[in-house]
Q: 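Take this structure, written in structure tokens, and hold onto it; I'll ask about it next.
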Amino acid sequence: MDVGYHSYETESTHTAGKVITCKAAVAWGPGQPLVIEDVQVAPPQKMEVRVKILFTSICHTDLSSWKGENEAQRAYPRILGHEAAGIVESVGEGVEDMKIGDHVIPFFQGECGTCICCRSQKTNLCQKFGVNPLKSVMVNDGKTRFSTMDGNPIFHFLNTSTFSQYTVLDSACVVKIDTKAPLEKMSLLSCGVSTGVGAAWNVANLQPGSSVAIFGLGAVGLAQVAEGARVRGASKIIGVDINPSKFFKGKAVGITEFINPKDLDVPVHEKIGAITVGGVDYSFECVGNLEVLREAFLSTHTGWGLTVLLGIHPSPMLLPLHPMELFNGRQIVGSIFGGFKGKTQLPKLAEQCMCGTLNLDEFITHELPFHNINEAFQLLIEGKSLRCLLHL
């Protein structure tokens, strides 16, 4: 990804400290087509970084927010997007771990490095820069760094806002990676790969020879959880989805068996219990549906089964479990960003991808120019893409 790199270095010397006018895809209302338009991007303030986004892609969290499914989280106009890779254009006061020209990955689950959560090895949460879908402004001053051409604010999204040629992030939400890493693939580490692989590696701590059931074969389930389970040596990986087109793709990432609930005359958990002699060791719910979550929970083995929750559920919703069901030894746990600490652990994950530990080639199913972003959304809605990479 060195194409255009040296010319960009020269460009940044002229733009640092100045307002940049660039193209962004702006959401003006729930479900309305994103509008590609000129926006103004202010310089980074203290402990902030301005990044030139080269690649970005769309996941179901963007889709849900674009639809405005949770009314409390609506804020318009807004620049969505949180999975991307780019190059540092300029840094604000106090930023010492990045400089102009560095190749970087933004991430929504920040890591300040100093709060009680960041200092703990038990969590990847951050008290100051943890993901908050209600947050729409910068931490420093409660204002936005984006504005319309007539000066009105445009709100931020998930600490990142990558559907823009330039974005401003808190330095806690962006990390430098090896310049030899292919940025188009590294963009997947911003969300999908980290979320899915980390759920298997960090949250579940999946053991070799284990049995796994993955509910929902989208990008996170099909590509990343399955890939993480394969690398860890799972003996049986069962994929569950109502879209049969996902099954062929699943074979390439290690899924050994497929279940389409529409083809069954019994609940999914009963089918899984029959083919695994009592249930799987681990199940992963990647849909965001309470009925699916309950099936995933019941599909695990009594005594030790663990269900990892990755799907984003609308609010307000409660777990579809009776407390007494936990006395059977099954457990359920949530996973955010796969348990990864972005600043300290993503560079190592990038190295693992570069050396072939993880295969990212199967995950980018489509590529489009940035101005076709609404087409990319439609591909995801129709279940035709895992990840559609947008070139900015």
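The model shown is predicted, which means the values in this text are computed figures rather than measured ones.
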Q: Are Pro133 and Ser65 packed together at the side-chain level, in the sense that at least one heavy-atom pair is separated by less than 4.5 angstrom?
A: no

Q: Between atom CZ of Arg294 and atom OG of Ser299, what is the distance when rounded to the nearest 0.5 Å?
A: 11.0 Å

Q: Would you call the rings of Trp66 and Phe377 parallel, tilted or perpendicular, taking 30° and 60° as the class edges?
A: tilted

Q: So, Gln40 side chain and Ser147 main chain: donor-acceptor pair closer than 3.5 Å or not?
A: no

Q: Tell me whether Gln32 at atom CD has more than 12 heavy atoms from other residues, nucleotides or ligands lying less than 6.0 Å away.
A: yes

Q: Can any side-chain N or O of Asp241 pair as donor or acceptor with the backbone N or O of Asn243 at less than 3.5 Å?
A: yes

Q: Flag yes if more than 12 heavy atoms outside Ile275 fall under 6.0 Å of its CD1 atom; otherwise flag no.
A: yes

Q: As an exercise, state the distance from CD of Glu48 to CE of Met138, rounded to the nearest 0.5 Å.
A: 3.5 Å

Q: What's the spacing between Leu188 CG and Ile364 CD1 if we round to 0.5 Å?
A: 4.5 Å

Q: Look only at the side chain of Thr256 and the backbone of Ile237, and say whether a donor-acceptor pair between them is shorter than 3.5 Å.
A: yes

Q: With heavy-atom distances below 4.5 Å as the criterion, would you say the side chains of Lys251 and Phe258 are in contact?
A: yes

Q: Under a single-linkage definition using a 4.5 Å side-chain heavy-atom cutoff for Ile, Leu, Val, Met, Phe, Trp and Tyr, are Phe163 and Leu389 assigned to the same hydrophobic cluster?
A: yes

Q: In the single-linkage hydrophobic clustering (I, L, V, M, F, W, Y; side-chain heavy atoms under 4.5 Å), do Leu264 and Val240 co-cluster?
A: yes

Q: Are Phe370 and His391 close enough that their ring centres sit under 6.0 Å apart?
A: no

Q: Could Lys341 and Glu111 be called an ion pair, given the rule that one side-chain N must be under 4.0 Å from one carboxylate O?
A: no

Q: Is there a chain of hydrophobic side chains (I, L, V, M, F, W, Y, each step under 4.5 Å between heavy atoms) that links Leu390 to Val39?
A: yes

Q: Within this structure, what is the CG-CZ distance for the pair Leu206 and Arg230, rounded to the nearest 0.5 Å?
A: 12.5 Å

Q: Treating Lys52 as the side-chain partner and Gly101 as the backbone partner, does any N or O pair qualify as donor plus acceptor under 3.5 Å?
A: no

Q: Can a donor-acceptor pair be found between the side chains of Asn159 and Lys135 at a distance below 3.5 Å?
A: yes

Q: Below 4.5 Å, heavy atoms only, C-beta onward: do Pro43 and Arg50 meet side chain to side chain?
A: yes

Q: With a 4.5 Å cut-off on side-chain heavy atoms, are His82 and Cys59 touching?
A: yes

Q: If we count only N and O atoms by modelled type, under 3.5 Å, do the side chains of Ser385 and Thr365 hold a donor and an acceptor together?
A: no

Q: Is there a donor-acceptor pair under 3.5 Å between the side chain of Glu83 and the backbone N or O of Gly192?
A: yes

Q: Side-chain contact test, heavy atoms from C-beta onward, threshold under 4.5 Å: evaluate it for Val26 versus Leu34 and give yes or no.
A: no

Q: Side-chain contact test, heavy atoms from C-beta onward, threshold under 4.5 Å: evaluate it for Leu358 versus Glu227 and give yes or no.
A: yes

Q: Do the side chains of Leu189 and Leu360 get nearer than 4.5 Å, heavy atoms only?
A: yes

Q: For Ile116, is the CD1 atom crowded, meaning more than 12 foreign heavy atoms sit under 6.0 Å from it?
A: no

Q: Hey, what's the ring geometry for Phe337 with Phe107, parallel, tilted or perpendicular (30° and 60° as the breaks)?
A: parallel

Q: Mind checking the NE2-CG spacing from His156 to Leu80? Nearest 0.5 Å is all I need.
A: 12.5 Å

Q: Under a 4.5 Å side-chain heavy-atom rule over Ile, Leu, Val, Met, Phe, Trp and Tyr, are Ile259 and Leu298 clustered together?
A: no

Q: Return yes if some donor-acceptor pair links the side-chain N/O of Glu285 with the main-chain N/O of Val287 below 3.5 Å, else return no.
A: yes

Q: Could you tell me whether Glu257 and Lys236 make a salt bridge, using a distance below 4.0 angstrom between a side-chain N and a carboxylate O?
A: yes

Q: Using a 6.0 Å cut-off, check whether atom CD of Glu382 has over 12 heavy atoms from anything other than its own residue.
A: yes

Q: Under the 3.5 angstrom rule, does the side chain of Arg119 hit a backbone N or O of Thr114 as a donor-acceptor pair?
A: yes

Q: Has the side chain of Thr160 got a donor or acceptor atom that lies under 3.5 Å from a matching backbone atom of Leu158?
A: yes

Q: Mark yes or no for whether Gln127, through its side chain, and Cys115, through its backbone, hold a donor-acceptor pair below 3.5 Å.
A: no

Q: Between Lys128 and Asp170, does at least one N-O distance fall below 4.0 Å, as a salt bridge requires?
A: no

Q: Could you check whether any side-chain N or O of Ser171 sits under 3.5 Å from a backbone N or O of Met47, counting only pairs where one atom can act as donor and the other as acceptor?
A: yes

Q: Using the rule given for side-chain hydrogen bond (donor to acceptor under 3.5 Å, both in side chains), can you reason through Ser283 versus Thr307, listing the C-alpha separation, both sets of side-chain angles and the distance that settles it, and then say yes or no?
A: CA-CA 5 Å; Ser283 70; Thr307 298; 2.9 Å; yes

Q: For the residue pair Leu183 and His103, establish whether any side-chain heavy-atom pair is separated by less than 4.5 Å.
A: yes

Q: Can you measure from CG (Asn124) to OG (Ser194) and round to the nearest 0.5 angstrom?
A: 10.5 Å

